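Model, not experiment: these values are computed from the prediction. The chains referred to below are lettered A, B, ... by the order of the sequence lines, with proteins before strands, and numbering in each begins at 1.
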Amino acid sequence: MVAINATPSRLHSAVIGWYEANARDLPWRDSTATPWAVMVSEFMLQQTPVKRVLPAYAAWMERWPTPARLAADAPGEAVRMWGRLGYPRRALRLHGAAVAITEQHGGQVPEDHAALLALPGVGEYTAAAVASFAFRQRHVVLDTNVRRVFARAVTGVEYPAQATTAAERRTAAAYLPEGDDRAATWAVAVMELGALVCTARGPECADCPLFADCAWQKAGRPPYEGPARRGQTYEGTDRQVRGKLLAVLREAHGEVPQARLDAVWPDAVQRARALDGLVADGLVEPVAQGVYRLPG
DNA sequence: TATTCGTGGAT
DNA sequence: TATCCAAGAAT
């Protein structure tokens, strides 16, 4: 399994050394960032690039510097502040997490991995990330960046499989440093390496601290062979319609008559289906016949 | 396990 | 222009 031809300790030092010299100066990594700040950043970063998260994160933290402050506001306000980050159910879940933290954890983001995992919107990755980054615990933090680094450096393939496998988890666990603090630094360092150097397209292998040890490099950088990774067409989908409908609601600051929603999409059947979906998801609230608003 | 769920920038 | 990709979670 261990395809990398170097002692783990030397490997850790190489990656951590690279990180200390090259890490981005991100606000949620600041020494004054609270666990809540880390959690907010992790929610926003689920499938949304850092560059687009930065301004939204700053505005969010200024308005809701603690979970209790967010919990005291309406969930619709969270949806509105989410803006165009995409996947607005994340906003609703973050609000739900804030409520749970306020009511069940005394307003403090829980340190325990299992308690984190029980919060809405927190899956395996986010629980590990918050526990590791905010509380300096030792966890396998396996995101798309880390998966790609291991796929290349250890397994020798260009891209990991579509879904995370048990083998990947074992590999990541095998390379996790022993000490809590070192494991936490390793976790963020490998992730940053994947984000800045070992990128999906056009990796900067010449700048990589793993260059000499990388299994993919040694194999001659063979191209990806797996099944075609399905490109998600967006034009004309319910997702696009949902996005258009919700954009109207976000910008309205109040109740919106049906006609305003009807104007953004011509197909009445699809429009109704999309709106029903938004209501079912709790993103939109019907207030009367033909009148809607963000959830209060 | 396979789908669904936004949005915008890069190539 | 079309496709790919971005710190995933829930079902």
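- Cluster annotation: V154(A) is not connected to W216(A) through the hydrophobic network of ILVMFWY side chains, with a link wherever side-chain heavy atoms come within less than 4.5 Å.
- Y87(A) and R239(A) are linked by a side-chain donor-acceptor pair at a separation below 3.5 angstrom, with hydrogens and angles left out of the test.
- The phosphate of dA9(C) has neither OP1 nor OP2 within less than 4.0 Å of any side-chain N or O from Y87(A).
- Ring pair W64(A)/W36(A): centre-to-centre distance not below 6.0 Å.
- Look at CD on E168(A): it is 13 Å from P on dG8(C), rounded to the nearest Å.
- For T171(A) and R147(A), the side-chain atoms include no donor-acceptor pair closer than 3.5 Å.
- On a pure distance criterion of 3.5 Å, no polar donor-acceptor pair joins the side chain of T48(A) and the base of dG8(B).
- Under a 4.5 Å side-chain heavy-atom criterion applied to ILVMFWY residues, the cluster that includes W265(A) comprises V79(A), L92(A), V241(A), L245(A), L246(A), V248(A), L249(A), V256(A), L261(A), V264(A), L275(A), L278(A), V279(A), L283(A), V284(A), Y292(A), L294(A) as well.
- Classified by interplanar angle (parallel below 30°, tilted 30° to 60°, perpendicular above 60°), the ring pair F150(A)/Y175(A) is tilted.
- Atoms CD (E251(A)) and P (dT7(B)) sit 10 Å apart, rounded to a whole Å.
- Ion pairing of E192(A) with R24(A) is present here, as a side-chain N (NZ or NE/NH1/NH2) and a carboxylate O approach within less than 4.0 Å.
- Using a cutoff of 4.0 Å between basic side-chain nitrogens and carboxylate oxygens, R63(A) and D73(A) are scored as salt-bridged.
- If you take CZ of R148(A) and C1' of dA7(C), they are 11 Å apart, rounded to a whole angstrom.
- Nearer the 5' end of DNA chain B, as judged by each residue's closest nucleotide, is the contact made by A163(A), out of A163(A) and A247(A).
- Between dC5(B) and dC5(C), the distance separating the two C1' atoms is 16 Å to the nearest Å.
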Kindly list each side-chain donor-acceptor pair under 3.5 angstrom involving residues 40-48 of chain A, sequence neighbours excluded, with atom names and distances?
| from | atom 1 | to | atom 2 | distance (Å) |
| --- | --- | --- | --- | --- |
| S41(A) | OG | V38(A) | O | 2.7 |
| E42(A) | OE1 | Y125(A) | OH | 2.8 |
| Q46(A) | NE2 | G121(A) | O | 3.4 |
| Q46(A) | NE2 | T126(A) | OG1 | 3.0 |
| T48(A) | OG1 | L85(A) | O | 3.0 |
| T48(A) | OG1 | R90(A) | NH1 | 3.3 |
| T48(A) | OG1 | R90(A) | NH2 | 2.8 |

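- If you check every strand for non-hydrogen atoms under 4.0 Å, F133(A) touches nothing.
- Contact check on E251(A) versus R80(A) returns no salt bridge, with no Lys/Arg side-chain nitrogen under 4.0 Å from an Asp/Glu carboxylate oxygen.
- Only at 4.0 angstrom or more do the heavy atoms of residues 256-273 of chain A sit from any atom of DNA chain B, so none qualifies.
- The separation between D238(A) atom CG and dC5(B) atom P is 6 Å, rounded to whole Å.
- A donor and an acceptor atom, one from each side chain of R136(A) and T185(A), are located under 3.5 Å apart.
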Between protein and nucleic acid, restricted to nucleotides 9-11 of chain B and to nitrogen or oxygen atoms under 3.5 Å apart, what atom pairs and distances do you find?
none

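- A continuous path of Ile, Leu, Val, Met, Phe, Trp and Tyr side chains, each step under 4.5 Å between heavy atoms, connects V141(A) with L196(A), placing both in one hydrophobic cluster.
- Residues V146(A) and V157(A) do not share a hydrophobic cluster, clusters being chains of Ile/Leu/Val/Met/Phe/Trp/Tyr side chains in contact below 4.5 Å.
- dT11(B) sits 14 Å from dA7(C) when the P atoms are compared, rounded to a whole Å.
- Proximity of R239(A) to the phosphate of dT7(B): no side-chain N or O atom is located under 4.0 Å from OP1 or OP2.
- As a whole-Å value, the separation of N145(A) CG from dA6(C) C1' is 9 Å.
- Applying a 4.0 Å cut-off to non-hydrogen atoms, the residues of residues 119-131 of chain A that approach DNA chain C are P120(A), G121(A), V122(A), G123(A), E124(A), Y125(A), T126(A), listed by residue number.
- Among the atoms of the strands shown, none is found under 4.0 Å from any heavy atom of L246(A).
- Look at CZ on R93(A): it is 10 Å from C1' on dT4(B), rounded to the nearest Å.
- Listed candidates were dA7(C), dT4(B), dT7(B). Nearest to the side chain of R89(A) is dT4(B).
- Computed from coordinates, the R90(A) CZ to dG6(B) P distance equals 10 Å when rounded to whole Å.
- Using modelled atom types, one finds a donor on one side chain and an acceptor on the other under 3.5 Å when comparing D238(A) with Q270(A).
- A distance of about 16 Å separates the C1' atoms of dT1(C) and dG8(B), rounded to the whole Å.
- For the contact set between residues 14-47 of chain A and DNA chain B, defined by any heavy atom under 4.0 Å, the members are Q47(A).
- For E192(A), whose side chain is taken as the heavy atoms from C-beta onward, the closest listed nucleotide among dA7(C), dG6(B), dG8(B) is dA7(C).
- L176(A) is connected to V188(A) through a chain of hydrophobic side-chain contacts under 4.5 Å among Ile, Leu, Val, Met, Phe, Trp and Tyr, so both are in one cluster.
- Look at CD on Q162(A): it is 16 Å from C1' on dA6(C), rounded to the nearest Å.
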